[in-house]
Structures are given as structure tokens and as C-alpha cells.
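Worksheet: the structure to be examined is printed underneath.
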Amino acid sequence: MLSQHECVRCHTIQGIAPTTAELDCVGCHRAIMAGTFPVPPDELAGYQWRIHSLVDVPSLAAGPRFRRAWIADFLADTHDLRPNLEPSMPRFALPRADVEAIVAFTGRGDRCSR
């Protein structure tokens with residue numbers, strides 16, 4: 001499910017890697033910020049200015065820090081978690097079955113309830 005919705009474009013997900021460099025958005029952004037992206041220096045500087053906050057995204061590795069109910073609520077109604085920053089999670093209309101599959105994967109270490 002995470003592969004189908006290309007969550008790995010932005011998030012690190014244990015056991016799932018981007019299928020191509022073109023689908024590794026955060027990896028590309030990190031290369032730009034590191035100055036290793038293969039473009040002329042003036043283009044690189046322009047890219048660096050635009051994406052400075054697009055390199056820090058949460059890992060979706062399963063673990064106790066994720067609450068299943070919160071993940072389900074968020075995926076059902078994605079919204080800005082950092083309203084003072086421009087980039088945000090895309091708005092998706094995920095089918096309930098897909099939300100449940102993502103919650104099952106990312107929240108599998110969670111024993112908390114809301």
C-alpha cells in the first residue's frame with residue numbers, strides 16, 4: 001500500500017526503497033542541499049533557496065511513537081501540521097481500506113489507544 005501511494009517519495013520506510021531516482025524526492029532534495037546535485041552552480045543555488053525546508057520529513061518506520069488512531073485520523077483528513085511552513089502533506093482521498101493498511105504497517109508497534 002505504501003508503495004502504491006508512493007509514500008517513499010518523501011518518507012523513509014523500513015524495507016521499501018524508491019524504485020527510481022526520479023521517485024526519491026527527499027533524496028534529491030538532500031543532494032541539492034549538500035551541493036552534490038549535478039546542475040550548474042547558479043541553478044543549484046536557486047534550488048537550495050527553494051527547498052530548504054523540504055528535507056526534513058518523518059520516518060514511517062513502525063514503532064511505539066505512532067498512535068494508530070492519530071495516523072488513521074490524519075490520513076482521513078490530511079492537513080498542515082506545520083502551518084508556518086509552506087510544504088505540507090499532499091491531500092489524498094484515500095479509501096478506508098488503504099488507510100487501515102497504512103495504519104497497520106506504521107502503527108504495528110503501537111499499543112496505545114485514544
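Computed over heavy atoms, backbone and side chain alike; hydrogens, waters and symmetry mates excluded.
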Original post:
If you measure from CE on Met33 to OH on Tyr47, what distance do you get to the nearest 0.5 Å?
Top reply: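 Met33 CE to Tyr47 OH: 14.0 Å, rounded to 0.5 Å.
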Salt bridge (Lys or Arg N to Asp or Glu O under 4.0 Å): pairs with one or both residues in [range], sequence neighbours excluded:
range	answer
residues 4-16	Glu6-Arg9
residues 37-48	none
residues 14-26	none

Going by the rule side-chain contact (heavy atoms from CB on, under 4.5 Å), which residues pair with [X] if we only count those two or more places apart in sequence or in a different chain?
X	value
Cys28	Ile32, Phe37
Val99	Ala72, Leu75, Leu94, Arg96, Val103
Gln4	Met1, Asp98

**OP:** With sequence neighbours left out, write down each residue that passes salt bridge (Lys or Arg N to Asp or Glu O under 4.0 Å) with Arg30, or none if nothing qualifies.
**Re:**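 Arg30: no salt bridge (Lys or Arg N to Asp or Glu O under 4.0 Å) contacts found.
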